[in-house]
Number of protein chains: 2
Amino acid sequence: MKLLLDNQVCFDVHAASRALDGLYRALLRDLGLTYPQYLAMMVLWEREPVTVKELGAALRLDSGTLSPLLKRLEAAGLVRRERSAADERSVLVRLTPDGAALSSRAEQVPDRLLAATGLDVEELAAFRGTLRRLTAAVDEAALAVRRAE
Amino acid sequence: MKLLLDNQVCFDVHAASRALDGLYRALLRDLGLTYPQYLAMMVLWEREPVTVKELGAALRLDSGTLSPLLKRLEAAGLVRRERSAADERSVLVRLTPDGAALSSRAEQVPDRLLAATGLDVEELAAFRGTLRRLTAAVDEAALAVRRAE
DNA sequence: TACATTTTGATTGTGCACAACTTAATTGGT
DNA sequence: ACCAATTAAGTTGTGCACAATCAAAATGTA
């Protein structure tokens with residue numbers, strides 16, 4: 001039956017995503033972070049302050065996802081939010097001292113995760129290349145479908 | 001900074017998964033199905049009846065996800081659930097006539113999706129191979145982490 | 001300047017995913 | 001035959017993701 005073929009590619013991506021999420025869940029457990037929260041913190045550990053819009057652009061997430069996520073990070077004392085003085089529509093997100101300090105405890109996560117994938121450098125590069133092209137092509141196709149309706 | 005490198009692989013998988021989900025959302029819109037619901041229906045279009053456990057094994061989902069999902073499919077009139085006579089713990093899931101009929105309307109989805117990925121056959125094969133090995137390795141690593149704690 | 005448009009973020013509602021727990025049915029060991 | 005352990009589903013609670021909608025601020029143009 002035809003319905004199996006396509007499915008696998010997409011299902012495999014879906015399954016891989018959930019598997020990675022599960023590993024992150026285990027690795028980030030004692031940091032008190034989820035994977036999406038960890039992603040947001042990584043952006044902040046690099047540059048700060050950042051507006052919600054910038055964060056959304058970096059992570060490809062909208063405010064419907066980020067607003068509650070940032071609220072939880074704020075409740076955990078890792079982050080502080082304030083309206084920009086220059087543009088009152090924007091909200092600037094900053095690290096608290098606790099949030100900044102957490103980065104040292106997160107340092108080992110990347111290595112452990114990379115090791116867990118079991119992929120070597122060149123395989124990784126090819127894989128990521130395919131992933132990026134896939135994502136771009138699929139995003140484009142989704143736009144085309146929406147336009148057609 | 002070290003925190004970027006690993007991130008990309010995982011983030012790329014995450015992003016690809018969400019992109020595919022978005023395309024499915026568009027393609028399945030007029031069928032009234034979400035992507036996970038579509039996956040469940042595909043299993044049922046192949047073999048029937050199926051227990052919740054079997055469905056969970058096929059989709060790698062637990063009852064906490066499947067129970068409400070199946071309840072929605074039942075509410076939509078696509079599926080019927082009944083306790084197994086042989087083993088009262090099990091619930092058998094069957095298609096209704098409407099549910100069975102829906103498969104014909106879903107036939108075009110795979111082709112459209114495969115085309116949207118923009119991948120050729122051999123690239124697809126290599127990609128899926130990497131995905132499978134990645135998932136297996138990561139699942140294994142997650143188990144190891146849990147055992148160590 | 002006045003007003004329509006755009007931008008930014010928040011909110012609401014729906015659905016997926018998983019951990020932890022509960023209940024009922026079955027199985028296995030004694 | 002009895003009781004402990006296991007198994008199958010369901011339930012609850014938390015969090016992510018996104019569509020749709022809204023309010024407030026900024027921008028552009030008549």
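Proteins come first, then strands; the chains are lettered A, B, ... in the order of their sequence lines, and each starts at number 1.
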State which residues pass side chain to side chain contact (heavy atoms under 4.5 Å, CB included) with [X]; sequence neighbours excluded, sorted by chain then number.
X	result
A16(A)	V13(B), L131(B), L134(B), T135(B)
E54(B)	R47(B), V50(B), T51(B)
P49(B)	L92(B), R94(B)
V93(B)	L44(B), V52(B), L70(B), V79(B), R81(B)

dG15(C) phosphate, OP1 or OP2, under 4.0 Å from R25(B) side-chain N/O: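 No, R25(B) has no side-chain N/O under 4.0 Å of OP1/OP2 on dG15(C).
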R18(B) side-chain N/O to dA17(C) phosphate OP1/OP2 under 4.0 Å: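 For R18(B), the contact criterion (side-chain N or O under 4.0 Å from OP1 or OP2 of dA17(C)) is not met.
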5' priority, DNA chain C, between V91(A) and A19(A) [closest heavy atom]: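 Of the two residues, V91(A) wins.
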Residue closer to the 5' end of DNA chain C, L69(B) versus E54(A) (nearest nucleotide):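 Its nearest nucleotide lies further toward 5', so the answer is E54(A).
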Whether Y24(A) and Y38(A) hold their rings parallel, tilted or perpendicular, with breakpoints at 30° and 60°: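 Correct class here is tilted.
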Qualifying ring-ring contact (aromatic ring centres under 6.0 Å, His included) pairs with a residue from residues 106-141 of chain A, counting only residues at least two apart or across chains: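 Of all non-adjacent pairs touching residues 106-141 of chain A, those that pass ring-ring contact (aromatic ring centres under 6.0 Å, His included) are F127(A)-F127(B).
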What is the distance, rounded to the nearest whole Å, between atom [atom1] of [X] and atom [atom2] of [N]?
X	N	atom1	atom2	answer
L33(B)	dG15(C)	CG	C1'	13 Å
L28(B)	dC18(D)	CG	P	16 Å
K53(A)	dA25(D)	NZ	C1'	15 Å
Q37(B)	dA17(D)	CD	P	19 Å
L61(B)	dA8(D)	CG	C1'	16 Å
L23(B)	dA17(D)	CG	P	18 Å

Going by salt bridge (Lys or Arg N to Asp or Glu O under 4.0 Å), name the residues that satisfy it together with [X], two or more places apart in sequence or in a different chain.
X	value
R83(A)	none
R146(A)	none
E48(B)	none
D87(B)	R89(B)

Neighbours of DNA chain D within residues 132-142 of chain B, by heavy-atom distance under 4.0 Å: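 Output list: empty, so none.
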Q37(B) vs M42(B) side-chain heavy atoms within contact, under 4.5 Å: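 They are not in contact (no side-chain heavy atoms under 4.5 Å apart), so the answer is no.
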Using a cut-off of under 3.5 Å, enumerate the N/O to N/O pairs linking the protein to nucleotides 11-14 of chain D.
from, atom 1, to, atom 2, distance (Å)
dT11(D), OP2, K71(B), NZ, 3.0

Sugar-phosphate only, base, or nothing, as touched by L66(A) at under 4.0 Å among non-hydrogen atoms: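 Answer is nothing: L66(A) stays at 4.0 Å or more from every strand.
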Tabulate atom names and distances for all N/O pairs under 3.5 angstrom spanning the protein and nucleotides 22-29 of chain C.
from, atom 1, to, atom 2, distance (Å)
dT26(C), OP1, E88(B), N, 3.3

Selection from dG9(C), dC18(D), dA8(D) that lies nearest to any side-chain heavy atom of S90(B):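 Closest nucleotide among those given: dA8(D).
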Options dA17(C), dG15(C), dG15(D), nucleotide nearest the side-chain atoms of P36(B):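 Nucleotide nearest to P36(B)'s side chain: dA17(C).
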Which residue lies more 5' along DNA chain D, comparing R29(B) with R83(B) via nearest heavy atoms: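 Counting from the 5' end, the first nearest nucleotide belongs to R83(B).
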Residues, nucleotides or ligands: over 12 heavy atoms within 6.0 Å of R132(A) CZ: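 Correct, the count exceeds 12.
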